[in-house]
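None of the values given here were measured: they were computed from a predicted structure.
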Amino acid sequence: MNIRYRAFPLHPETPEEGQSLQSLFGADNARLEGMLAHLRHTADELGLPFAARTMTYNSRLAQELGQWAAGHGREGQFHNAAFHAYFAEGRNVAKKEVLLDICRASGLPVDEAEEVLTSRSFAGQVDADWQLARRLGVTAVPTFIVGEQRLVGAQPYEALEWLVRQGRG
């Protein structure tokens, strides 16, 4: 079974320079710190890197590059590098130079990546994924769907294994 990454419109209104998490969630410091503590705890349980964050960034262009990376057989590497840049390093994945660094780290041709960003040649594929997410009722990331079964949120290996087994009948 192959994993197919799909783009999701996670706060598409976020400006290129980013938005503070406090402003995004309308949360006071205590509530925001509680939300981040929960995310840190989940990341620790799953062995995922998670740095202190105060900002969120628009991932639209990263999603377009992710579609392009799939055509190069490097989708997984791209998504892992983008995850690390965003969650472990707190980098702004809306910025061209950050995205090109992610491509470099993923073994992708940077000159082609720059052309994809300039031409927005994968925008239609991302739009189609966003429409599919709406039709399927996806409201959070990650959402894992196999057949009619789904899991939402970061999941331990055992839960994902269960989902795959359910999908195989």
### Message
side-chain contact (heavy atoms from CB on, under 4.5 Å) for L100 and L117? Distances and angles first, verdict last.
### Response
CA-CA 9 Å; L100 295 177; L117 290 172; 4.1 Å; yes
### Query
More than 12 non-hydrogen atoms from neighbouring residues, nucleotides or ligands closer than 6.0 Å to CD on E148, yes or no?
no
Residue pair [X] / [Y]: nearest heavy atoms and the distance that separates them:
X    : Y    : answer
P109 : H72  : CG-CE1, 4.0 Å
L46  : A154 : CD1-CB, 3.3 Å
P15  : N58  : O-CB, 4.3 Å

### Message
Check the orientation of F87 and F83. Use parallel for under 30°, tilted for 30 to 60°, and perpendicular for over 60°.
### Response
tilted
### Geometric class of the Y57/Y86 ring pair [parallel <30°, tilted 30-60°, perpendicular >60°]
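Taking Y57 first and then Y86, their aromatic rings stand perpendicular (interplane angle over 60°).
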Rounded distance (nearest 0.5 Å) linking atom [atom1] of [X] with atom [atom2] of [Y]:
X    : Y    : atom1 : atom2 : answer
R165 : L160 : CZ    : CG    : 12.0 Å
H84  : L48  : NE2   : CG    : 10.5 Å
L65  : K96  : CG    : NZ    : 11.0 Å
R53  : R40  : CZ    : CZ    : 10.5 Å

Does [X] use its side chain to pair, donor to acceptor, with the backbone of [Y] at less than 3.5 Å?
X   : Y    : value
S20 : S23  : yes
R91 : A85  : no
E64 : V126 : no

### Query
How far apart are the C-alpha atoms of Q22 and N29, what are their side-chain angles, what is the distance that settles it, and do they pass the side-chain hydrogen bond (donor to acceptor under 3.5 Å, both in side chains) test?
CA-CA 7 Å; Q22 191 167 27; N29 286 338; 2.9 Å; yes
### Query
Do L39 and F50 have side chains that get closer than 4.5 Å, going by heavy atoms?
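They are in side-chain contact.
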### Message
Test side-chain contact (heavy atoms from CB on, under 4.5 Å) on R150 and L163; report intermediate values, then the result.
### Response
CA-CA 7 Å; R150 71 178 60 200; L163 180 65; 5.6 Å; no
### Message
Pairing donors with acceptors under 3.5 angstrom, does anything connect the side chains of D129 and Q67?
### Response
yes
### Side chains of H11 and Q19, donor plus acceptor under 3.5 Å
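Absent: no donor and acceptor within the cut-off.
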### Message
Run C103 and W68 through side-chain contact (heavy atoms from CB on, under 4.5 Å) and show every step you take.
### Response
CA-CA 10 Å; C103 289; W68 166 76; 3.9 Å; yes
### Query
Does one hydrophobic cluster hold both F8 and L99, with members joined at side-chain heavy-atom distances below 4.5 Å?
no
### Task
Check step by step if side-chain contact (heavy atoms from CB on, under 4.5 Å) holds for M35 and F25.
CA-CA 10 Å; M35 292 166 54; F25 295 115; 3.5 Å; yes
### Query
Is NZ or CZ of R60 both nearer than 6.0 Å to the six-membered ring centre of W130 and within 45° of the ring axis?
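Flagged: R60 positioned over aromatic ring of W130.
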